[in-house]
Amino acid sequence: GKDENGHGTKVASIAASSELLEENYLGAAPEAELAVVKLKQAKPFIRQMQRIPLDSIAYEEADIMLAVRYLDQLAQREGKPLVICMALGSNTGGHTGENALSLYLNYVCRKVGRAVAVAAGNEGNKGHHYFGIVPRDQDYTEVELRVGAGEKGFQVNLWGNAPDLFSVEVIAPSGEKIPRFVARKLDRQRYDFVFESTILDIQYELSEIVSGDQRLLLAFQNPTPGIWMIRVYAEGNLENTFHMWLPVTGFISDETYFLRPDPDTTVTEPGNAEGVLTFSGYDARNGSIWYDSGRGYTRNGRIKPDLAAPAVEVAAVDLRGRVTTLTGSSAAAALGAGACALLLEWGIVRGNVPAMDSITIQRYLIRGA
C-alpha cells in the first residue's frame with residue numbers, strides 16, 4: 001500500500017521526520033521508529049447507510065480499533081513504548097467520549113508505555129453544531145438549517161441528556177410539514193415529502209446503549225435546497241437542553257450549515273475520550289487560537305481539548321519528499337505525538353519514570369504548556 005492523498009505522510013513527517021539538511025527540516029521526534037497502518041476505505045453500503053459521499057475519505061470504526069490493537073500488540077512484542085497518532089475525527093456519537101472506539105482507547109492509554117495523541121478536529125467555525133434550550137414556558141424551539149444546492153444527503157444527530165425527552169417536527173422550505181412523532185424505546189419512521197423529492201428517515205433511540213441518553217437521528221436523502229426548520233419539543237417542566245451535529249467537513253457540502261451555530265462542543269470523536277491527549281490548534285505566528293480548531297467542553301462537561309499546539313502552516317514533507325506546510329489540528333496532533341515520544345524516551349527508555357502512561361504524560365505536558 002501507499003499514501004494516496006499525502007495527509008498521512010505530512011502527519012508522520014511532522015511527528016518524526018529525520019533531518020533533511022538541504023531543506024533545513026527536522027521532525028519533532030526525529031529518531032523515533034514508525035509503525036504505519038493503512039486503513040481501508042469504508043464499504044459502499046456503510047456510506048449509503050450513513051449518507052457519506054462515495055468520493056470522500058472515510059473509514060470504519062471497527063477497522064480503526066483493529067489498527068490500534070495491532071499497534072499495541074506490536075509494541076508489546078518489541079518491548080518498546082508506543083505513541084499512537086490519530087489525525088482523524090467524526091461528528092457521529094454523543095461527544096462524551098463514550099463510544100466503542102473511545103472506550104477502547106481509554107483502555108490502551110492506561111497501559112504503561114502507551115500514549116494516544118488525537119486531533120481535536122477542524123469543526124469550530126464550520127456551523128455544524130447547534131446547542132438549544134426548550135424553555136419551561138414553551139412547547140418547542142426552532143432550529144434553522146440551511147441546505148445547499150446539490151446536496152445529495154446527510155445525517156443530523158440530536159442528543160439530549162437523560163432524563164430529558166425530545167421529539168421533532170420537520171418543515172421543508174416549501175412549507176410542507178411532517179407531523180411530530182412521540183419518541184418510543186426504539187423506533188424508525190420514513191417520510192416521503194409530497195411537494196419535494198426528499199426522503200427523511202427518523203430514528204428514535206430512547207436510551208442509547210452506552211450513555212443512556214436519548215438520540216434522534218434524522219437522515220435526509222435528496223434534500224431540497226433552502227431553509228429547513230426543525231422544531232424540537234421537550235416533555236416535562238424542566239428547562240431541557242440538547243445538542244445537534246451535522247457531519248464533519250468533507251462529508252457534507254460547505255453550503256449546508258445551521259444558521260445559528262454554536263462553536264463550542266465541537267471536538268470530534270475520539271477526541272472526547274477521557275484518557276487520550278486531545279490537541280487543538282493555534283497560530284504560532286501570533287499566539288491566537290486557530291479559528292477552525294475544535295473547542296470543548298465535552299457534552300457532559302469534561303475539559304477537552306487537553307492542550308493546543310501549532311496548527312497553521314506547520315512545516316511538513318509531501319509525497320515527493322519536498323518541504324511543504326499543513327494547516328489543521330492534524331498538524332497539532334502530530335507535534336503532540338512527537339512530544340509524547342520524547343517524554344516516553346526520557347521516562348521509560350532512560351528510566352526516569354518507569355511507570356509512565358498517557359495520564360502521566362498529560363500532566364507533564366500541561367504543567368509545561
Any side-chain donor-acceptor pair under 3.5 Å between Ser253 and Glu255? no
Would Tyr59 end up clustered with Leu54 when hydrophobic side chains under 4.5 Å apart are linked, directly or stepwise? no
Hits for salt bridge (charged side-chain N to carboxylate O under 4.0 Å, His left out) against Arg51, two or more places apart or cross-chain, chain-then-number order -> Asp201
Using a strict 4.0 Å threshold on nitrogen-to-oxygen distance, state whether Arg110 and Asp357 make a salt bridge. no
Please check if the number of heavy atoms outside Gln221 that lie under 6.0 Å from its CD is greater than 12. yes
Show me the pairs that pass side-chain hydrogen bond (donor to acceptor under 3.5 Å, both in side chains) and involve residues 325-335, at least two apart or across chains. His7-Ser330, Asn122-Ser329
May I ask you to decide if Thr249's main-chain N or O and Glu123's side chain share a donor-acceptor pair within less than 3.5 Å? yes
Hydrogens and angles aside, do Asn99 and Glu61 bring a side-chain donor and acceptor to less than 3.5 Å of each other? yes
Leu82, Leu335, Val83 screened by side chain to side chain contact (heavy atoms under 4.5 Å, CB included) with Cys340, the one that passes: Val83
If Ile, Leu, Val, Met, Phe, Trp and Tyr residues are connected whenever their side-chain heavy atoms lie under 4.5 Å apart, and connections chain through other members, are Leu365 and Ile348 in the same group? yes
Return the CZ to CD distance between Phe220 and Gln155, rounded to the nearest 0.5 Å. 10.5 Å
At what distance, to the nearest 0.5 angstrom, does CZ of Phe166 lie from CZ of Arg215? 15.5 Å
Show the nearest heavy-atom pair for residues Thr198 and Pro223, with the distance to one decimal. OG1-CA, 3.3 Å
Considering all heavy atoms of both residues, which atom of Ser167 and which atom of Leu216 are nearest to each other, and what is their separation? CA-CD2, 4.2 Å
Side-chain touch Val147/Pro173, heavy atoms, less than 4.5 angstrom: no
Heavy-atom neighbours of Lys38 NZ exceed 12 at 6.0 Å: yes
Should the pair Asp306-Lys304 be classified as a salt bridge under the 4.0 Å nitrogen-to-oxygen rule? yes
Restricting to salt bridge (charged side-chain N to carboxylate O under 4.0 Å, His left out), what partner residues turn up for Lys111, sequence neighbours left out? Asp72
Would you call Tyr104 and Pro270 a side-chain contact if the rule is heavy atoms closer than 4.5 Å? no
Over 12 non-hydrogen atoms of neighbours within 6.0 angstrom of CD in Glu19: yes
Go through the steps for Asp213 and Arg299 under the test salt bridge (Lys or Arg N to Asp or Glu O under 4.0 Å), then give the verdict. CA-CA 11 Å; Asp213 293 335; Arg299 184 170 61 86; 3.0 Å; yes
Heavy-atom closest pair (Asn352 atom, Trp346 atom, distance to 0.1 Å) is ND2-O, 2.7 Å
Here the gap from Leu277 atom CG to Ile361 atom CD1, rounded to the nearest 0.5 Å, amounts to 6.5 Å
dist Tyr282:OH -> Trp290:CH2 (nearest 0.5 Å) comes out at 14.5 Å
Check whether any side-chain heavy atom of Leu259 lies under 4.5 Å from a side-chain heavy atom of Leu145, and answer yes or no. no
Within a strict 4.5 Å, meaning less than it, do heavy atoms of the Val37 and Tyr70 side chains meet? yes
To the nearest 0.5 Å, tell me how far Glu313 CD sits from Leu326 CG. 10.5 Å
Is Leu39 reachable from Val276 through a run of I, L, V, M, F, W or Y residues, each pair having side-chain heavy atoms under 4.5 Å apart? yes
Hydrophobic cluster membership, Ile64 vs Leu74, 4.5 Å side-chain cutoff: yes
Using only atom types and a distance under 3.5 Å, with no angle test, would you say the side chain of Asp192 pairs donor to acceptor with the backbone of Ile199? no
Apply the test side chain to side chain contact (heavy atoms under 4.5 Å, CB included) to residues Phe193 and Ser174: give CA-CA distance (whole Å), side-chain angles for both, the deciding distance (0.1 Å), then the verdict. CA-CA 10 Å; Phe193 286 83; Ser174 64; over 6 Å; no
Using atom types as modelled and distance alone, determine if a side-chain donor or acceptor of Glu151 lies under 3.5 Å from a backbone N or O of Ile252. no
Using the rule given for side chain to side chain contact (heavy atoms under 4.5 Å, CB included), can you reason through Asn91 versus Asn157, listing the C-alpha separation, both sets of side-chain angles and the distance that settles it, and then say yes or no? CA-CA 8 Å; Asn91 269 344; Asn157 277 276; over 6 Å; no
Any link between Tyr364 and Val116 through a network of hydrophobic side chains (Ile, Leu, Val, Met, Phe, Trp, Tyr) touching at under 4.5 Å? no
Run the side chain to side chain contact (heavy atoms under 4.5 Å, CB included) check on Tyr204 and Val168 step by step: do they pass? CA-CA 10 Å; Tyr204 290 85; Val168 295; 3.7 Å; yes
Residues Thr268, Ser90; criterion side chain to side chain contact (heavy atoms under 4.5 Å, CB included); working and verdict: CA-CA 5 Å; Thr268 53; Ser90 169; 5.7 Å; no
Count the heavy atoms belonging to other residues, nucleotides or ligands that lie under 6.0 Å from CZ of Arg302, then report whether that count exceeds 12. yes
Under the rule for salt bridge (charged side-chain N to carboxylate O under 4.0 Å, His left out), what residues qualify as partners of Arg231, not counting sequence neighbours? Glu142, Glu169
Where is the tightest heavy-atom contact between Ala119 and Ala333, given as atom of each residue plus distance? N-CB, 3.6 Å
Residues two or more places apart in sequence or in another chain: which of them pass ring-ring contact (aromatic ring centres under 6.0 Å, His included) with His128? none
Any side-chain heavy-atom pair of Thr265 and His129 under 4.5 Å: yes
With distance as the sole test, does Glu345 use its side chain to make a donor-acceptor pair with the main-chain N or O of Arg350 at under 3.5 Å? no
From Arg180 CZ over to Ile202 CD1, what is the distance, rounded to the nearest 0.5 angstrom? 12.0 Å
When you look at CG of Asn286, are more than 12 heavy atoms from neighbouring residues, nucleotides or ligands closer to it than 6.0 Å? yes
Looking only at heavy atoms, the pair that brings Tyr257 and Leu246 closest together is CA-CD1, 3.7 Å
With sequence neighbours excluded, what pairs up with Phe131 under the ring-ring contact (aromatic ring centres under 6.0 Å, His included) test? His243
Using a strict cut-off of less than 4.0 Å between a Lys/Arg side-chain nitrogen and an Asp/Glu carboxylate oxygen, indicate whether Lys80 and Glu33 qualify as a salt bridge. yes
Minimum heavy-atom separation for Ala369 and Leu307, please, with both atom names. CB-CD2, 3.8 Å
Could you go step by step and tell me if Lys10 and Asp318 meet the salt bridge (Lys or Arg N to Asp or Glu O under 4.0 Å) rule? CA-CA 6 Å; Lys10 291 180 180 180; Asp318 65 14; over 6 Å; no
Is it true that atom CD1 of Ile303 has more than 12 heavy atoms of other residues, nucleotides or ligands lying nearer than 6.0 Å? no
Assess the pair Trp245 and His95: is the distance between their ring centroids shorter than 6.0 Å? yes
Looking just at side-chain N and O atoms, do Thr298 and Asn272 make a donor-acceptor pair shorter than 3.5 Å? no
Determine, for Lys126 against Asp254, whether the closest basic-nitrogen to carboxylate-oxygen distance falls under 4.0 angstrom. no
